[in-house]
Number of protein chains: 2
Amino acid sequence: MTSVHRNTASSSVTSPLRLGIAGLGTVGTGVIRLLREHADLLRHRTGRSIEVVAVSARNRTRDRGIDLSGLHWHDDPVALANDPNVDVVVELMGGAEGTAHTLVTEALKAGKAVVTANKALVARHAEELAHLSHQHGAPLLFEAAVAGGIPAIKVVREGVAADALTRLGGILNGTSNFILTEMAETGRAFEDVLQEAQDKGYAEADPSADIDGWDAAHKLSILTAIAFRPIVFDSLAVSGMRRITTDDIHQARKLGYAIKMLGVARRLPEDRVEAWVQPCLIPARSGLAQVNGVYNALTTEGPFSGPITISGQGAGEGPTADAVMADVIDLARGHGLPLWGRVDEQAPIPCEPVEGLVSRFYLRITLKGSVEAETALEDIRTVLGNEDVAVEKGHHHTSQKGDAQLILLTGPVTLGGINRILPLLEEMPLIKGTPLALKVEDLP
Amino acid sequence: MTSVHRNTASSSVTSPLRLGIAGLGTVGTGVIRLLREHADLLRHRTGRSIEVVAVSARNRTRDRGIDLSGLHWHDDPVALANDPNVDVVVELMGGAEGTAHTLVTEALKAGKAVVTANKALVARHAEELAHLSHQHGAPLLFEAAVAGGIPAIKVVREGVAADALTRLGGILNGTSNFILTEMAETGRAFEDVLQEAQDKGYAEADPSADIDGWDAAHKLSILTAIAFRPIVFDSLAVSGMRRITTDDIHQARKLGYAIKMLGVARRLPEDRVEAWVQPCLIPARSGLAQVNGVYNALTTEGPFSGPITISGQGAGEGPTADAVMADVIDLARGHGLPLWGRVDEQAPIPCEPVEGLVSRFYLRITLKGSVEAETALEDIRTVLGNEDVAVEKGHHHTSQKGDAQLILLTGPVTLGGINRILPLLEEMPLIKGTPLALKVEDLP
């Protein structure tokens with residue numbers, strides 16, 4: 001036996017690779033369009049032709065702007081799992097449970113390769129899917145599930161596979177980044193911009209997955225499993241952006257920071273993992289602060305590879321279809337891999353509690369109408385001082401709604417410490433409502 | 001025959017992958033160090049152990065800070081090509097000709113997989129190496145040859161393999177970027193900073209490859225072969241940065257631009273290619289302008305994938321060793337690929353002439369001591385106007401050497417047109433020396 005796999009060039013795989021696609025929304029039709037426009041290119045790059053042979057979608061009669069004649073139509077998507085003419089099941093329906101879950105698990109059990117863009121499914125059923133893929137020798141690929149057109153999975157699972165990464169993270173949700181960018185650039189309120197994003201189709205009618213951090217958390221969970229080890233999804237610390245105002249963005253900028261929704265995971269000693277998703281202040285001059293609109297960016301850090309950042313469009317028909325097809329090309333080239341890029345199966349572990357995380361914090365405190373800001377600042381400085389929290393910077397301004405607000409930048413303190421202090425502040429008679437605390441993440 | 005390659009997880013490849021390393025400079029010793037520090041990780045990620053079994057280097061007695069006992073030492077590196085205990089030859093000697101060339105071609109002829117960091121070799125012997133790799137079914141991988149630790153080859157050859165890219169380019173040489181960054185940040189002169197780079201070991205005693213653009217050209221040629229098609233290396237248009245002064249960097253910044261050495265290739269209709277390396281003005285707010293020091297960055301653009309940018313350390317022991325090992329991991333996982341990621345062989349074609357390239361230009365014109373700047377500007381505007389070149393902006397300043405200089409930003413004109421105008425300007429009695437023209441590249 002030779003020890004190294006030979007070029008596909010010299011092997012004799014010439015049968016077509018046959019795809020069955022479940023879900024014909026924008027991404028599904030984008031995949032079919034790409035396959036037709038780039039048929040020759042794909043054949044040259046893989047040595048075989050790639051064909052769609054079967055499809056399934058909810059509505060058979062809708063005009064999708066592409067010709068579906070000649071494709072076998074399954075009313076039940078799960079039938080693709082056992083269609084003997086299908087080599088690869090491409091799951092583009094979405095949803096962590098229900099039909100998508102049944103289709104993917106049935107396809108793996110049938111020994112079929114699966115390509116999916118379904119981040120919720122992969123993140124929430126990580127252990128089951130890894131086990132089925134391993135047991136049945138069926139590759140499950142999901143490049144399109146993380147950061148749209150950016151080959152983030154490939155970079156982590158293959159590009160820096162030789163390194164023991166210490167940290168990874170970045171901007172993993174395009175919709176929330178679009179909203180924060182628009183708020184920063186136009187001064188419009190969160191609700192207005194969200195409404196626009198919904199009208200344009202960037203945000204769902206229920207925007208929770210995007211703005212409450214769950215979509216980013218699914219992606220972070222997947223990246224963490226590859227870079228470090230699988231984690232229990234529900235143990236991830238997630239907080240959203242609903243309380244961030246345009247005032248906060250402008251005040252942060254005065255302090256030299258931008259506000260971005262970040263997802264970050266770190267490898268800790270003894271095989272432990274810390275992972276969280278939350279809105280943070282990052283230095284306005286950092287690379288990540290330049291990543292705007294629907295763009296995503298991921299940075300990995302390792303002792304050998306150093307920091308590597310990849311950015312691009314985090315969603316959309318073209319980029320997502322391209323990522324789906326990158327997985328299909330890998331399969332056509334014979335490049336299967338275990339789910340997390342490791343041959344040993346690892347049970348998911350819970351993330352470490354984030355209460356011990358130390359950083360500086362941005363505090364926004366709204367004062368009652370009659371209160372004098374300078375006096376309030378002194379009082380609050382005393383309360384914080386009693387809890388051993390220093391105030392590095394403090395200023396006051398009048399919010400768009402006409403409230404007097406104090407903006408503080410604290411010294412280093414734990415997240416648990418800040419969470420203990422917020423109720424103390426809220427109880428002070430001079431303070432109106434609940435203060436907002438945002439982590440300061442001092443990136444390079 | 002099944003149509004899709006199975007997980008390595010379920011196959012039974014358990015024999016170690018045995019490496020023979022030629023060249024034990026910083027990268028070679030880095031590879032050995034990485035292999036030892038991450039032995040368990042590599043085994044988990046590939047399903048087999050990876051071992052160095054043989055080495056070759058010029059000096060057998062030098063202390064490299066690592067233990068070489070137990071490794072077979074070859075005085076002649078070419079002997080690695082035929083060592084029956086070596087599965088993969090890792091060539092880290094450098095040089096387009098001579099021993100490195102002989103070793104790599106002999107290894108391919110012997111059917112051995114080769115991993116190399118040698119950009120000059122791959123760029124200048126593209127056709128021969130592609131043919132040998134194809135003919136003998138021997139993979140040749142070279143991730144470390146382009147942009148150090150950044151998985152640039154993988155992103156282009158696999159990550160966006162489904163897309164028909166239209167353009168790629170970026171900052172492909174760390175040394176010249178370090179020099180330009182230092183000049184910008186400290187105001188020191190080119191010669192001073194170059195000397196420092198040489199003292200620190202970032203730049204060679206003969207700095208030509210870095211500062212005259214040849215190193216970037218090698219990398220661009222390789223990327224072009226993968227993304228578009230192979231090109232004749234000598235047809236690439238290359239110009240260096242020796243004439244750029246700290247004054248130029250400051251004047252460009254006044255106009256809202258940074259100066260960076262760029263390498264850019266574009267796919268033109270009818271399978272033609274345009275490719276060049278030259279110092280350019282790019283918008284100071286663009287992503288590439290934030291890529292400083294020894295960092296590299298590559299942007300790809302395609303109709304489906306959109307713009308994708310990846311950045312990281314372009315050189316150094318750790319990043320380069322990590323990139324070498326990413327290739328070794330691909331081999332251990334059984335992921336061979338044809339040289340340019342295509343199964344058909346394509347003969348290299350010459351690049352299109354760059355004379356027709358249209359852009360705006362930065363012009364720096366030094367005046368003789370007695371000349372009044374405002375008058376000179378009017379005269380020069382007339383000369384340019386006669387050649388149909390508009391002046392969008394113009395100002396004058398006194399250079400660090402005490403010369404009066406005009407700084408102009410032209411309207412759109414061809415590179416050929418600018419090259420015809422420069423001698424006309426030089427002949428004007430009020431002008432001292434040869435004016436400098438730099439392309440303005442209006443990136444997003």
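The figures here come from the full heavy-atom set of this structure, side chains too, leaving out hydrogens, waters and symmetry mates. Chain identifiers are assigned alphabetically (A, B, ...) following the order of the sequence lines, protein sequences preceding nucleic acid strands; residue numbering begins at 1 within each chain.
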**OP:** Let me know if A/Glu37 has heavy atoms under 4.5 Å from chain B in its side chain, its backbone, both or neither.
**Re:** side chain

Subject >> Contact summary for A/Pro307 and B/Tyr295, nearest pair of heavy atoms >> reply: CG-OH, 3.0 Å

Subject >> Top contributor to chain B contacts, counting heavy-atom pairs under 4.5 Å, from A/Ala152, A/Ala321, A/Pro151, A/Gly312 >> reply: A/Pro151

Original post:
Taking all atoms of both residues into account, what is the closest heavy-atom pair of A/Leu41 and B/Asp163, and its distance?
Top reply: CD2-O, 3.5 Å

Original post:
If you count heavy-atom pairs under 4.5 Å with chain B, which of A/Gly306, A/Gly159, A/Gly149 comes out on top?
Top reply: A/Gly159

**OP:** Considering non-hydrogen atoms only, spot the tightest contact between A/Ala162 and B/Ala326 and give its length.
**Re:** CB-N, 4.2 Å

Original post:
Is a side-chain donor or acceptor of A/Arg333 paired with a backbone partner of B/Gly341 at a separation under 3.5 angstrom?
Top reply: yes

Original post:
Under 3.5 Å, is there a donor-acceptor pair between the side chain of A/Arg45 and the main chain of B/Ala161?
Top reply: yes

Original post:
Within a strict 4.5 Å, meaning less than it, do heavy atoms of the A/Ile310 and B/Ile308 side chains meet?
Top reply: yes

Original post:
Between atom OG1 of A/Thr46 and atom CZ of B/Arg342, what is the distance when rounded to the nearest 0.5 Å?
Top reply: 11.0 Å

Original post:
Between A/Thr299, A/Val328, A/Val324, A/Thr309, which residue shows the highest count of heavy-atom pairs closer than 4.5 Å to chain B?
Top reply: A/Thr309

Original post:
If you count heavy-atom pairs under 4.5 Å with chain A, which of B/Arg43, B/Lys154, B/Glu143 comes out on top?
Top reply: B/Lys154

Original post:
Between A/Leu34 and chain B, which part of the residue has a heavy atom less than 4.5 Å away: side chain, backbone, both or neither?
Top reply: both

Subject >> chain A interface, residue from B/Gly148, B/Pro319, B/Pro303, B/Gly316 that has the most non-hydrogen pairs under 4.5 Å >> reply: B/Pro319

Original post:
Just wondering, do A/Val160 and B/Asp322 contact through their side chains at under 4.5 Å, heavy atoms?
Top reply: yes

**OP:** Tell me, for A/Glu158 versus chain B, whether the close heavy atoms (under 4.5 Å) come from the side chain, the backbone, both or neither.
**Re:** both

Subject >> A/Met325 side chain near B/Phe304 side chain, heavy-atom distance below 4.5 Å >> reply: no

Subject >> Under 3.5 Å: donor-acceptor pair, side chain of B/His335, backbone of A/Asp330 >> reply: no

Subject >> Option that, when pairs with chain A are counted at under 4.5 Å, heavy atom only, ranks first among B/Ser311, B/Gly30, B/Ala297 >> reply: B/Ser311

Subject >> Closest-packed option against chain B by number of heavy-atom pairs under 4.5 Å, given A/His38, A/Glu317, A/Gln313 >> reply: A/His38

